[in-house]
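Data block below; observations after.
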Amino acid sequence: MDIIADLKWRGLLYQSTDDAGLQPWLAKQSRTLYSGFDPTADSLHVGSLLPLLNLRRFQRAGHRPIALVGGATGMIGDPSGKSAERNLLDSEQLAQNVAGIATQMQSILDFECGPTSALLVNNSDWIGQFSYIDFLRDVGKNFSVNVMLAKESVKNRIEGDTGISYTEFSYMLLQAYDFVHLNRSFGCELQIGGSDQWGNITAGIDLGRRMNSVQLYGITCPLLTKSDGSKMGKTETGTIWLSADKTSPYQFYQYWITTADADAGKCLRFLTELEQEEIESLDAARESQPHLRESQKRLAEFLTQLVHGEAGLQKAQNATAILFGAEIENISDVELGQIFADVPSAAFAKTLLDEGLVLIDAIAQAGLVKSKGEGRRAIEEGSIYVNNKRVSITDYKLTMVDLASETSIVLRKGKRNYAILRFE
RNA sequence: GGGGGGAUACCGAAGCGGUCAAACGGGACAGACUGUAAAUCUGUUGGCUAUGCCUUCGCAGGUUCGAAUCCUGCUCCCCCCA
């Protein structure tokens, strides 16, 4: 199956600048394409997976991907899809972010495979060179404000209440120039991005025609949204990051395991490389035996392995097996330490166990509840577990018999909030 | 500059002298049911040394036995007129 057909059945092809011509054009020879990433943090998050995987699909189909990190444009802020003016990042923070993102991309794109090796570029390398006057003369001259005003991203902001600053208004020119620069430097001819990037992509194509007299291509994919309308990759507690330091492999795995049935099919198509046949059989299984949650398991497995490697996946699955298993007992400190590496913990003196440590105090200090009053309620409601065993005695005291390992007790509130108590 | 309205817990929003730690809705957190899903149902949602005590209704004062509620001043927000 060729790349376009693959994208199509996955539902990843939203718009393209040349529906008919694209397929033969890509089939003819290896092409160079790019997608941009915003360095708003020192790690990518789940939202970046989709474009990154798309680059990867193209790479596996024999094309050369370029991941562009917006070191320069990140200082401006893309108005597309945003209702308010962006906060600007300072250049030091930006450099740090770019570095962090670069290492993460290496697990997804192949940077050492000969002619189709992925490239990582930073647009501050060329945009930073420009003087304002030069930029206006060489690039700005090619833009019609009338056309720019008509672009969706700009129009929305002008018609909305927030308005748009001159800075963000100019964003489009920078991204358009990126495309032209990559075309000149690397022969890049195709830009891919989310559907909110359409205006920026076509701006780049126009500019390419004017400045380089070349025909460039662009395609967009749908934005990945959840069936309930909320954003993929965000939870109430925060963003799901690709960095193991920010989101542990276990948490990452768990995020996908709990994917709603309604979203699972879409996620499998958008975010995995499973074959059509397998995905369709997972669809069927989800219909007939939803409780087995095969789709969610495959999804979590694929993505955790991709982002955190085989070792990360192992850790996540191990932790899952124990945490969602039966009562925890006869486990070693070492095992416990690995499984609960990212779980908050509190340390106490071992002697406390002799007279007994009041459970309410323990869960409060471990951070499972905000106050003792809340802790009291939680126990009354039956939402507190010691070593995965429910305890509903309000004045329960932890003693030596509650140790799950040599020195630790595992506390849990609700389904999946854990804390470790260490007694040394 | 003139006139009017408003500020209440995570958010929205009632309350307009005592029975107010403050209705109701949303959210959140739990429990039941399930499949670590969705939907549904139930409970909880200021703190504590806990049948009581303490701190909260924009800020600072005041009236009163008693104030989120009344008065004075201040700060901020919205609307109308200039």
Side-chain angles (χ1 to χ4, degrees), chain A residues 46 161-162 224-240 247-268 271 279 282-304 313 315-328 339-340 342-344 355-397 410-419:
Chain A
V46 161
D161 299 330
T162 40
L224 179 55
T225 50
K226 291 204 277 189
S227 52
D228 64 3
S230 62
K231 249 191 182 157
M232 189 58 81
K234 301 265 187 211
T235 65
E236 302 75 36
T237 33
T239 306
I240 305 294
T247 302
S248 73
Y250 165 71
Q251 290 170 325
F252 185 84
Y253 182 85
Q254 282 293 317
Y255 178 77
W256 299 109
I257 275 289
T258 55
T259 302
D261 284 12
D263 298 321
K266 197 175 179 184
C267 286
L268 284 169
L271 298 173
I279 290 184
L282 285 169
D283 287 345
R286 211 165 51 247
E287 192 69 33
S288 58
Q289 308 165 292
H291 57 284
L292 296 181
R293 300 191 348 279
E294 282 182 57
S295 298
Q296 285 87 341
K297 283 178 188 161
R298 282 298 276 133
L299 177 68
E301 189 181 298
F302 178 90
L303 287 171
T304 308
L313 175 61
K315 266 164 63 182
Q317 288 182 325
N318 275 344
T320 297
I322 303 254
L323 266 47
F324 289 91
E327 187 176 339
I328 300 170
I339 292 166
F340 290 100
D342 52 300
V343 154
E355 53 206 85
L357 175 61
V358 179
L359 183 57
I360 290 178
D361 293 341
I363 56 178
Q365 288 199 42
L368 282 178
V369 291
K370 286 200 280 290
S371 68
K372 289 191 201 174
E374 193 181 320
R376 184 178 305 274
R377 264 178 254 126
I379 293 175
E380 280 166 6
E381 286 170 341
S383 59
I384 297 297
Y385 302 76
V386 174
N387 301 325
N388 273 355
K389 202 171 121 200
R390 177 179 288 170
V391 172
S392 42
I393 305 159
T394 325
D395 49 6
Y396 187 84
K397 284 183 176 173
V410 179
L411 298 179
R412 180 181 125 206
K413 180 181 75 123
K415 204 143 276 184
R416 73 193 84 189
N417 303 300
Y418 283 90

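Naming convention: chains lettered A, B, ... in sequence-line order (proteins, then strands); numbering from 1 in each chain. Just so it is clear, the model here is predicted, and its values are computed rather than measured.
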Practice item. Figure out the CD1/C1' separation between Ile363(A) and rC29(B), and round it to whole Å. Key: 13 Å

**Study point:** Any residue meeting side chain to side chain donor-acceptor pair (under 3.5 Å) with Thr259(A), in chain and number order, not counting sequence neighbours
**Key:** none

Check your understanding: So what does Gly414(A) touch, heavy atoms closer than 4.0 Å: a base, only the sugar-phosphate, or nothing?
Key -> sugar-phosphate

Practice item. Give a yes/no answer on whether the side chain of Arg376(A) brings an N or O atom under 4.0 Å of OP1 or OP2 in rA50(B). Key: no

Exercise for review: Kindly write out the residues that satisfy side chain to side chain contact (heavy atoms under 4.5 Å, CB included) with Ala362(A), not counting sequence neighbours, or none if the list is empty.
Suggested key: Leu357(A), Leu398(A), Leu411(A), Leu421(A)

Review point. Roughly, in whole Å, what's the span from CG in Leu368(A) to P in rU45(B)?
Key: 19 Å

Practice item. Would you classify Arg390(A) as touching base, sugar-phosphate or nothing, given that sugar-phosphate means primed atoms plus P, OP1 and OP2, and contacts are heavy atoms under 4.0 Å? Key: sugar-phosphate

Point to revise | rA13(B) pairs with, by Watson-Crick or G-U criteria that keep both distances under 3.5 Å | key: none

Quick one: which protein N/O atoms are closer than 3.5 Å to N/O atoms of nucleotides 51-57 of chain B? Pair and distance per line, please.
none

Practice item. Verify the contact: side-chain N or O of Tyr255(A) to OP1 or OP2 of rA37(B), cut-off strictly under 4.0 Å; return yes or no. Key: no

Check your understanding: Does Thr304(A) reach the main-chain N or O of Glu301(A) with its side chain, forming a donor-acceptor pair under 3.5 Å?
Key -> no

Check your understanding: Roughly how far apart, to the nearest Å, are rA23(B) and rC10(B) at atom P?
Key -> 14 Å

Review point. Taking the C1' atom of each, how far is rC20(B) from rG46(B), in whole Å?
Key: 13 Å

Point to revise | Test item: Ile363(A) and Lys413(A) side chains (from C-beta on) under 4.5 Å apart, heavy atoms | key: no

Point to revise | RNA chain B: 5'-proximal contact among Glu374(A) and Ala262(A) (nearest heavy atom) | key: Ala262(A)

Review point. Looking at rG35(B), rU36(B), rA30(B), which one has an atom nearest to any side-chain atom of Lys415(A)?
Key: rU36(B)

Review point. Would one find a side-chain N or O of Thr258(A) under 4.0 angstrom from OP1 or OP2 of rU36(B)?
Key: no

Revision key, fill the gap. For rU45(B), the nucleotide meeting Watson-Crick or G-U wobble distances (both under 3.5 Å) is rG27(B)

Revision key, fill the gap. Sorted by position of nearest nucleotide on RNA chain B, 5' first, the leading residue of Arg412(A) and Arg416(A) is Arg412(A)

**Study point:** Sugar-phosphate only, base, or nothing, as touched by Gln254(A) at under 4.0 Å among non-hydrogen atoms
**Key:** base

Exercise for review: Kindly determine whether Arg286(A) and Asp283(A) satisfy salt bridge (charged side-chain N to carboxylate O under 4.0 Å, His left out), including the steps that lead there.
Suggested key: CA-CA 5 Å; Arg286(A) 211 165 51 247; Asp283(A) 287 345; 3.0 Å; yes

Check your understanding: Which nucleotide in the set rU34(B), rC29(B), rU44(B) lies at the smallest distance from any side-chain heavy atom of Arg377(A)?
Key -> rU44(B)

Check your understanding: Side chains of Thr394(A) and Glu380(A): do they bring a donor and an acceptor to under 3.5 Å?
Key -> no

Practice item. Choose from rU49(B), rG35(B), rU36(B) the nucleotide whose nearest atom is closest to any side-chain atom of Gln296(A). Key: rG35(B)

Practice item. Mind checking Ala260(A) for me? I need base, sugar-phosphate or nothing, with any heavy atom below 4.0 Å counting as a touch. Key: sugar-phosphate

Check your understanding: On a whole-Å scale, what distance lies between the C1' atoms belonging to rA13(B) and rU36(B)?
Key -> 35 Å

Check your understanding: Are any of the side-chain heavy atoms of Thr258(A) and Gln296(A) separated by less than 4.5 Å?
Key -> no

Revision key, fill the gap. Taking a pair to mean Watson-Crick or G-U wobble geometry with both distances below 3.5 Å, rG1(B) pairs with rC81(B)

Review point. Mind checking the C1' distance from rC81(B) to rU19(B)? Whole angstroms is fine.
Key: 46 Å

Study note, to complete from the structure: Across every strand shown, the nucleotide meeting Watson-Crick or G-U wobble geometry with rG73(B) (both distances under 3.5 Å) is rC59(B)

**Study point:** Smallest separation among heavy atoms of Lys415(A) and Arg412(A), with atom names
**Key:** O-NE, 3.5 Å

Check your understanding: If you look at every strand shown and take non-hydrogen atoms under 4.0 Å, does Tyr253(A) touch a base, only sugar-phosphate, or nothing?
Key -> nothing

Practice item. For rU63(B) versus rG15(B), give the span between their P atoms, rounded off to a whole number of Å. Key: 28 Å

Practice item. Tell me which nucleotide among rG35(B), rA30(B), rA32(B) gets nearest to the side chain of Glu381(A). Key: rA30(B)

Review point. Are Ser371(A) and rC48(B) close enough that a side-chain N or O sits under 4.0 Å from OP1 or OP2?
Key: yes

Practice item. Answer with base, sugar-phosphate or nothing: what part of the nucleic acid does Asn417(A) contact at a heavy-atom distance below 4.0 Å? Key: sugar-phosphate

Check your understanding: Of all the choices, rG35(B), rC48(B), rA30(B), which nucleotide is nearest to the side chain of Lys413(A) once you look at every atom?
Key -> rA30(B)

Check your understanding: Is any NZ, NE, NH1 or NH2 atom of the basic residue among Lys297(A) and Glu294(A) found under 4.0 Å from an Asp or Glu carboxylate oxygen of the other?
Key -> no

Check your understanding: Between rC77(B) and rU8(B), how far is it from one C1' atom to the other, in whole Å?
Key -> 15 Å

